[in-house]
Student: 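This is the structure I want to talk about, given as structure tokens.
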2 protein chains.
Amino acid sequence: MSEPGRRRRHDPDRRERIIDACLDVIAEEGVAGTSHRRVAAAADVPLGSMTYHFSGMDELLQEAFTRFATAVSDEFEQHMAAVATREDAVEAVVAIIADTVFASPRDLVLTHELYTLAAREPAFRALTNAWMTRSRTALERHFDPATARMVDALIEGLTIHRALDTEPHDAQVVAEAVRRITAIGT
Amino acid sequence: MSEPGRRRRHDPDRRERIIDACLDVIAEEGVAGTSHRRVAAAADVPLGSMTYHFSGMDELLQEAFTRFATAVSDEFEQHMAAVATREDAVEAVVAIIADTVFASPRDLVLTHELYTLAAREPAFRALTNAWMTRSRTALERHFDPATARMVDALIEGLTIHRALDTEPHDAQVVAEAVRRITAIGT
DNA sequence: ACGAGTTGCGTACGATTGTACCCATGACCC
DNA sequence: GGGTCATGGGTACAATCGTACGCAACTCGT
């Protein structure tokens with residue numbers, strides 16, 4: 001019985017695949033358009049698997065966004081950990097903004113969807129708070145807390161604008177802004 | 001026939017009331033939880049009025065967010081129009097961030113909802129682009145285009161953080177950041 | 001004052017949703 | 001190698017959705 005796509009008992013990665021598929025569906029259709037059926041179809045699992053692996057839609061979304069936030073946060077920390085001087089830190093921030101962390105439209109959309117959820121539901125707010133705290137802590141290895149906060153805000157704002165604007169940002173301008181806000185002269 | 005809540009023929013503001021109620025529902029339940037029935041209940045109009053006044057859900061959302069974006073944009077321009085010097089402009093920006101434009105949780109939530117929609121659907125993206133262009137133009141009366149862009153991004157980021165953070169921002173820190181990014185010495 | 005026509009609403013329908021339930025299936029132990 | 005039990009999926013159901021349609025009610029010209 002090895003017909004492809006049939007009879008797939010004892011599939012230990014199924015839960016993971018569902019979570020991945022869920023993020024894909026959210027990115028394409030939005031949280032509003034995300035249903036058990038659509039996720040099941042995307043993950044190529046039967047509908048029954050949804051209620052078996054997850055207690056409900058909330059748990060699924062929670063796990064999906066936890067994975068997303070952790071992945072983005074990891075990448076952020078990794079970028080910031082490699083730098084030694086404050087000048088390098090500025091460059092790292094510019095690089096993060098430019099093309100590394102928030103590159104794909106997929107991630108941009110997912111970020112927006114998560115924020116919207118977080119603005120209303122406390123459970124998701126805790127998630128974003130943890131994410132933001134990690135970012136800020138990484139920045140505070142190189143800048144004072146107040147400055148770190150502002151740099152974080154600038155990153156956030158540029159990310160938002162990138163999702164909505166048509167044209168990308170000018171790297172030179174961004175670099176200059178980061179330098180100014182961190183009070184590091186050109 | 002003057003029973004309260006009954007027989008309300010020839011109500012010319014009905015359309016407006018529906019739009020207002022729609023924004024309320026979005027703020028409370030999110031775009032995902034916004035339905036014809038819920039909006040009708042909030043506006044205290046019969047369900048049939050929905051399909052009569054609007055061709056569909058899309059038109060309703062479009063009009064609601066247009067109203068919202070215009071209102072916020074108006075307030076923004078009004079704040080920036082009153083200033084003469086660059087120093088005043090910095091103060092105006094700080095004031096906008098601090099407590100004027102994005103004060104209520106309602107507006108913060110609505111902003112997120114709109115952005116999420118805009119990230120996926122072109123019609124709503126046009127709306128946010130127009131909004132952002134107006135803000136940027138207002139800023140460009142006092143700053144060069146590149147700086148205006150960065151100031152706008154900072155406002156955006158701080159707004160986002162405010163929606164997600166528990167504690168408000170320190171006005172002093174914000175003021176300092178705006179001064180730095182606009183290259184106006186303390 | 002009355003009839004015609006526009007404005008507005010009650011209701012019903014087909015589609016889609018989340019979730020619960022029950023049985024089939026495959027793994028593991030003896 | 002066969003019996004048992006946990007694992008997992010097919011299906012059915014109640015709720016809710018957007019939308020269409022037909023009729024009631026009110027206005028206005030004559």
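So that the names make sense, note that chain A is the first sequence line, chain B the second, and so on, each numbered from 1.
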Student: Look only at the side chain of A/R106 and the backbone of A/A27, and say whether a donor-acceptor pair between them is shorter than 3.5 Å.
Tutor: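 Side chain of A/R106 to backbone of A/A27: no pair is present.
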Student: Ignoring hydrogens and geometry beyond distance, is the side chain of A/R14 in donor-acceptor contact with the base of D/dG8 at under 3.5 Å?
Tutor: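 No, no donor-acceptor pair under 3.5 Å.
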Student: Could you check how far CZ of B/F54 sits from P of C/dG8, rounded to whole Å?
Tutor: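 The distance from CZ of B/F54 to P of C/dG8 comes to 12 Å, rounded to the nearest Å.
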Student: Under 4.0 Å, counting only non-hydrogen atoms across every strand here, what does A/T34 touch: a base, just sugar-phosphate, or nothing?
Tutor: sugar-phosphate
Student: With a 6.0 Å cut-off (strictly less than), is the heavy-atom count around CD of A/E59, excluding the residue itself, greater than 12?
Tutor: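 Correct, the count exceeds 12.
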Student: Less than 4.5 Å apart, any side-chain heavy atom of A/T70 and any of A/W131?
Tutor: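 They are not in contact (no side-chain heavy atoms under 4.5 Å apart), so the answer is no.
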Student: Starting at CG of A/L61 and ending at C1' of C/dG18, how long is that distance when rounded to a whole Å?
Tutor: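 Rounded to the whole Å, the gap is 13 Å.
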Student: Classify the nucleic acid contact of B/R15 as base, sugar-phosphate or nothing, counting any heavy atom under 4.0 Å across all strands shown.
Tutor: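 Nothing, no nucleic acid heavy atom in range.
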Student: Under 4.0 Å from OP1 or OP2 of D/dC17: is there any side-chain N or O of B/R38 that close?
Tutor: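 Answer yes for this pair, as a side-chain N or O of B/R38 is under 4.0 Å from OP1 or OP2.
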Student: Can you tell me how far C1' of C/dT6 sits from OH of B/Y52, to the nearest Å?
Tutor: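 For the pair B/Y52 OH and C/dT6 C1', the rounded distance is 8 Å.
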Student: Provide, to the nearest angstrom, the distance between the CD atom belonging to A/E59 and the C1' atom belonging to C/dT19.
Tutor: 14 Å
Student: Look at the side-chain N and O atoms of B/S35 and state whether any lies under 4.0 Å from the OP1 or OP2 oxygen of D/dC17.
Tutor: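 Affirmative; the distance criterion is met.
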Student: Would A/R180 and A/E176 pass as an ion pair if we require N to O under 4.0 Å?
Tutor: yes
Student: Of the nucleotides D/dG10, D/dG18, C/dT11, which one has an atom closest to the side chain of B/M57?
Tutor: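 Between D/dG10, D/dG18, C/dT11, the one nearest the side chain of B/M57 would be D/dG18.
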Student: Atom CZ of A/R37 and atom P of D/dA12: how far apart are they, to the nearest Å?
Tutor: 12 Å
Student: Can you tell me which stems involve DNA chain C, if a stem is defined as three or more consecutive Watson-Crick or G-U wobble pairs, both distances under 3.5 Å?
Tutor: C:1-6 with D:25-30, C:8-23 with D:8-23, C:25-30 with D:1-6
Student: It should be established whether A/T51 places a side-chain nitrogen or oxygen under 4.0 Å from OP1 or OP2 of nucleotide C/dA20.
Tutor: no
Student: Grab the CD-P distance between A/E29 and C/dT17 for me, whole Å please.
Tutor: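 Going from A/E29 (CD) to C/dT17 (P), I get 10 Å.
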Student: In terms of the nearest nucleotide of DNA chain D, which residue is placed more toward the 5' end: B/G48 or A/S49?
Tutor: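 Counting from the 5' end, the first nearest nucleotide belongs to A/S49.
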Student: Would you kindly give the CG-to-P distance between B/D44 and C/dC9, to the nearest whole Å?
Tutor: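 Checked: the CG to P distance equals 11 Å.
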Student: Enter the distance from B/T133:OG1 to B/E140:CD here, rounded to the nearest 0.5 Å.
Tutor: 9.5 Å
Student: Would you say the side-chain atoms of A/T159 pair up with the backbone N or O of A/I155, donor to acceptor, closer than 3.5 Å?
Tutor: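 The answer is yes, because a donor-acceptor pair under 3.5 Å joins these two groups.
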Student: Rounded to the Å, how far apart are B/H36 NE2 and C/dT11 P?
Tutor: 19 Å
Student: Are A/V83 and A/I181 connected into the same hydrophobic cluster when the rule is that any two of I, L, V, M, F, W, Y join if their side-chain heavy atoms are below 4.5 Å apart?
Tutor: no
